[in-house]
Undergrad: 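One structure is given below, represented as C-alpha cells, and several questions about it will come after.
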Protein chains: 4
Amino acid sequence: MYVNVSKMAFDMLTSTKELRRPGRPRSDQSRKAILKSTLKLVEKYGFHELCIEDIAANAGVSKATVYRWWPNKAELVLDAFLSVVEAELHFERGIPIRNSLRAQMIRLSRLFSGKVGSVLSAVIGAGQSEPEMLATFRRRWIEPRRIEAKAILREAMDRGEIRSELSPDAILDVLYGAIYFRFLIGRDKLSDKFVDEVLNMVLPGLTTEKS
Amino acid sequence: MYVNVSKMAFDMLTSTKELRRPGRPRSDQSRKAILKSTLKLVEKYGFHELCIEDIAANAGVSKATVYRWWPNKAELVLDAFLSVVEAELHFERGIPIRNSLRAQMIRLSRLFSGKVGSVLSAVIGAGQSEPEMLATFRRRWIEPRRIEAKAILREAMDRGEIRSELSPDAILDVLYGAIYFRFLIGRDKLSDKFVDEVLNMVLPGLTTEKS
Amino acid sequence: MYVNVSKMAFDMLTSTKELRRPGRPRSDQSRKAILKSTLKLVEKYGFHELCIEDIAANAGVSKATVYRWWPNKAELVLDAFLSVVEAELHFERGIPIRNSLRAQMIRLSRLFSGKVGSVLSAVIGAGQSEPEMLATFRRRWIEPRRIEAKAILREAMDRGEIRSELSPDAILDVLYGAIYFRFLIGRDKLSDKFVDEVLNMVLPGLTTEKS
Amino acid sequence: MYVNVSKMAFDMLTSTKELRRPGRPRSDQSRKAILKSTLKLVEKYGFHELCIEDIAANAGVSKATVYRWWPNKAELVLDAFLSVVEAELHFERGIPIRNSLRAQMIRLSRLFSGKVGSVLSAVIGAGQSEPEMLATFRRRWIEPRRIEAKAILREAMDRGEIRSELSPDAILDVLYGAIYFRFLIGRDKLSDKFVDEVLNMVLPGLTTEKS
DNA sequence: CAATAATCGAGACGGTACGTCACGTCTTCTT
DNA sequence: AAGAAGACGTGACGTACCGTCTCGATTATTG
C-alpha cells in the first residue's frame, strides 16, 4: 500500500505519456486479480484464516508480487475493501437534515448487511491489534464521510435545524455508533427500521424546535 | 473453556460437598497462572502478537495444559478478560434513570481507557472473525449488563421517566454504541464529558416531558 | 522388568505359603492383560508405532500400573515376547547331530514365520538402539538355547561326528546366522527347504568323514 | 527421499545441460549439511535418541527443509548411510573364489566395526518396523553387492570351483548371515579371524573337490 | 477390628518432539 | 524491472506420548 502509493504518484508525475521508469511495467492485471482474490477469500474465510499464499495462488500470481506492492495482509485487505466501497455513500445536500442522514444511514446499513460487510468487520477486527491499519482505515474510510457529514450538519445548524452548541463529532458518534455497535457486536440485524428508531430517539435532542 | 464450563457444572451438580470425579483434580494454581499470564501478555503485545507458547512459558505451565482447557487463543483471552471484569459494573436502582445510566457509563468508559481496555478491544477484534467467540462474549459480557439495564429502563418507563413505546434494545444500542464506537474506531478519547454529551443528546428524545 | 524380577524373587522366597508383604498384592489379572495387549498391539503396529497409552487402554489398566512393573516399552515388549516363547524349542539329545539340528532349526524358522515373528523382529530392531535391551534379549532368548546347542555339539564331537577343533560358537553363528539374516533382512521366505539347503552346505565342512 | 529421487530423475531426463525447472533451485549445501549432521548425530546418539530438530539445528537448516526432502527420520538416516557407503565394497574378479570372498568379507566386517557400523545397525533396526525402509535398504545396499557376488559365484561354478547345483542366494545367506548375525545380535566381536572360520567351515561344503 | 500398606483406576501435570503451516525473503530463469 | 516458480530460515501451531503425580477406592496383612 505505502509502496504503491508512492510509486503510483511517481508514475502520474512522469507519465505525460512518454517518460516512465525503465523495466517491465507493473501488471495491472495482476493487481486487480490480487484485490479480487483477496475480497473473495476474506469473505469466505475471514481475516484470521485468510493467508497470502492462498491469495497469490488464487490470483495466479507469485507470492513475491503480492509482497512487492503490499507490506502485509492487513493493508491488502484494507485496500481490497476500499477498492470496492471508496466511491460510495455520499450525502445529499440542500435537503432537510433528517432526510439526508436517513438516506445515507440506510445505504450504509444495507452495505453492512451485504457481502462487503464481512470484509469490513474483518478490517475493523484486525485493526484492533494493528494501530496503523486502524489509522489508515479511519483516514480513508471514516474521515472522508465524516467531513461530508459535518458539512451538512453545519448547514443544518445554519438553517436552525440543529442546535449549534452541539459537537458534530459527538452527534455522529451517537448516530453511527448505534449502527456500528449493532453491526460489530449486537445480536440484532441491521434494518431500515432500526435506522428510523435511532433517528427518532436522537433527533429530538438535537433540534431547536420543541415538538 | 467449553470443557471446564461443563466440568464445573458437573462438579456443582454432584458436589453435595463430598462427591468428586476420579483422577487427579485440575490444578487451580495452573489455571490462575494461565489466566494471569494471558492478561499480562495480551496487554503487552495485543492479541495478534500474543502466542500460546509464551503464555505457557510465562505461567510455568506446559502448552498441553493450556490446550487441555481452552480450545484456542481467542477463548483463552476471552476467559481471562471475563475473569477480571465479570463481576463489575452493576447499575444502581431506585434513582433517576439519568443518574444510574451516567454512573455506569462513566465507570464503563473508564474501564475501557484502562488496562483491560486493550484486552477488550482484542477480544472484540478477534470475535470479528470467530463467530462463536463473539457469541460467548455477548453471552457473558454484553447480555448480563443489558439485562440489568433493561430492568432499570423498565422501571423508569413505569415511573413515566422514559417513553414506554421505545425499544429498550434500541435505546441501549444508541447509548452504548456511541461509547463502543469511539473506543473501537474513533480517534477521540473517551471521557466523562463525552458521556454527558451523549446523555444530553439522547435523553431528551427518550423522556416524556417536553422541556 | 527389573522391578518385578526382584519382587517375584522375594515372593518366591517368602511364600512358603503364608509369608507375604503387607498391602494389596499385585493384580495378576492386570499383569496378564498388559502382556496380552502388548503382544496384540506390537503384532499390529510394530514396535515403533506402539505406545504405552494404547497398551494400558487396551488392557483396561492405568498407565501407572504399567510403569510400576516395567521401566519402558522395550522391556515390556521383550517380556511379552518371552512370556510366549520362553519354554519352547529345546534340542533332542542322543540322536545324530544333523537330525537334532534340523528339527530345531525347522521349528525355529516356522516360529519366525508366524505371529511371534513380527514381535521378535520388533525386539531385535529396537535392540539395535538400546544395548541393554539387546543384552537382555541375548541373555534370556539366545543364550539358553545356545547352551543346549553347544551341549549337543559337544556330544557330537565326542562321538566323532563333528570336527572337534571347530569353535561351537562359530558353527552356530553360521547355521543360525543364515536363518536370522533371511528373517531380518532377506527378501526370501524362510522354509523347511532352506534349512536343508543350509545344512547341506555347512555340515560337510563340519564333519570328520569325507563323504 | 522419494521426492528427491523422482526429482533427480526428472533433472537427469531434462538436463541435456540447459533445461532446468523454474524457481529457486534446491540448495545442495543444505542437502549435504543435513546428511552430514545426520551421520554425526546418529553415530553419537543412535537412531532412537536422534531427533530431527537436532539434525536441523546442527546443520544450520530449518526443520521444514528437512521435511521438504525426506518424509521421516528413517529415510533420512538410510540416505545418509548410503551416501557414505554406496560406492564401496566391490569384489575382485578373476581370482580364486575364496580369495575374492575373503577380501570382501573382511572389508565388510571392518566396516561394520567402524563408525558406519552404528549407523547400519540403526538402519536395519528401524527397518524392522518400517517395511518400506527395509525394502529400500535391500534395494540400494544389499542387492547391488549381491549381484556382484552372484557373478563371481557363477564364474567359480563355471571354473568348477563351486558345485553348480547349489543356490547362490543360499550360499550368500550362509556366508553373510554369519557376519550380520554376529554384528546385529552376537556378543562376539567381528574379526578377520572370524571370517576365516566361516570360510573354513562353509567352503568345503561348496567345493567339488574332496579335500 | 482398626490401622497400616501397597495396588488399582482415573486422569491432570510439565515436558519434548512431532510434522505442518504460513510467514516474508531470496534465487533463478523468463518476459 | 517485474513476474512466476519455488526453495529457504523462522517461528508458532496444535497433537501425541512420555513418565510422573495426585487423587479416592480397594484389598490385603498386622496389631
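By convention in this document, chain letters (A, B, ...) are assigned in the order of the sequence lines, proteins followed by strands, and residues within each chain are numbered from 1.
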Undergrad: Ignoring hydrogens and angles, answer whether the base of E:dC26 and the side-chain atoms of D:R24 contain a donor-acceptor pair closer than 3.5 Å.
TA: yes
Undergrad: Please compare C:K63 and D:I52 by the position of their nearest nucleotide in DNA chain E and report the one closer to 5'.
TA: C:K63
Undergrad: Could you note down all residue pairs passing side-chain hydrogen bond (donor to acceptor under 3.5 Å, both in side chains) where residues 36-49 of chain B supplies at least one of them, sequence neighbours left out?
TA: B:S37-B:N58
Undergrad: Would you say C:F47 and C:V119 make side-chain contact, with heavy atoms under 4.5 Å?
TA: no
Undergrad: Touch check for B:A56, heavy atoms < 4.0 angstrom, all strands: base, sugar-phosphate only, or nothing?
TA: nothing
Undergrad: If the condition is side chain to side chain donor-acceptor pair (under 3.5 Å), which residues does D:S30 pass it with, not counting sequence neighbours?
TA: D:S27
Undergrad: Within a strict 4.5 Å, meaning less than it, do heavy atoms of the C:W70 and C:I34 side chains meet?
TA: yes
Undergrad: Rounded to whole angstrom units, what separation is found between the CD atom of D:E53 and the C1' atom of E:dT20?
TA: 12 Å
Undergrad: Give me, pair by pair, the N or O atoms of the protein and of nucleotides 1-3 of chain E that are less than 3.5 Å apart, along with how far apart they are.
TA:
none

Undergrad: If you look only at pairs with a residue in residues 50-66 of chain B, which of them pass as a salt bridge (charged side-chain N to carboxylate O under 4.0 Å, His left out), with sequence neighbours excluded?
TA: B:E53-B:K63
Undergrad: Between atom CG in D:N72 and atom P in E:dA17, what is the gap in whole Å?
TA: 18 Å
Undergrad: Specify the separation, in whole Å, of atom CD of C:Q29 and atom C1' of E:dG9.
TA: 13 Å
Undergrad: Could you tell me how far apart C:I55 (CD1) and F:dG19 (C1') are, to the nearest whole angstrom?
TA: 14 Å
Undergrad: Quick one: is D:W69 getting a side-chain N or O under 4.0 Å of the F:dC8 phosphate, OP1 or OP2?
TA: yes
Undergrad: Within this structure, what is the NZ-to-P distance between B:K73 and F:dG14, rounded to whole angstrom?
TA: 8 Å
Undergrad: Rounded to the Å, how far apart are C:R31 CZ and E:dA6 P?
TA: 21 Å
Undergrad: Any base atoms under 4.0 Å from C:S62, or only sugar-phosphate, or nothing? Heavy atoms, all strands.
TA: base
Undergrad: With sequence neighbours excluded, what pairs up with B:F81 under the ring-ring contact (aromatic ring centres under 6.0 Å, His included) test?
TA: B:W141
Undergrad: Rounded to the nearest Å, what distance is computed from the OH atom of residue C:Y67 to the P atom of nucleotide E:dA10?
TA: 17 Å
Undergrad: Donor-acceptor pair, C:T65 side chain versus C:V61 backbone, under 3.5 Å?
TA: no
Undergrad: Quick check on DNA chain F: between A:S27 and D:G60, whose nearest nucleotide comes earlier from the 5' end?
TA: A:S27
Undergrad: Reckon C:T65 has a side-chain N or O less than 4.0 Å from the OP1 or OP2 of E:dT7?
TA: no
Undergrad: Within this structure, what is the CZ-to-C1' distance between B:R26 and E:dA10, rounded to whole angstrom?
TA: 17 Å
Undergrad: Reckon B:R68 has a side-chain N or O less than 4.0 Å from the OP1 or OP2 of E:dC13?
TA: yes
Undergrad: Within 45° of the axis and under 6.0 Å from the centre of the six-membered ring of A:W69, does NZ or CZ of A:R31 qualify?
TA: no
Undergrad: I'd like to know if the side chain of B:K73 and the backbone of B:C51 have a donor-acceptor N/O pair within less than 3.5 Å.
TA: no
Undergrad: With a cut-off of less than 4.0 Å, is there a side-chain N or O of A:S30 near OP1 or OP2 of F:dA4?
TA: yes
Undergrad: Specify the residues of residues 39-51 of chain A, ordered by number, for which at least one heavy atom lies under 4.0 angstrom from an atom of DNA chain E.
TA: A:C51
Undergrad: Does a side chain donor of either B:S121 or B:S118 reach within less than 3.5 Å of an acceptor in the other side chain?
TA: no
Undergrad: Does A:A64 or D:D28 map to a spot on DNA chain F nearer the 5' end, using the closest nucleotide for each?
TA: A:A64
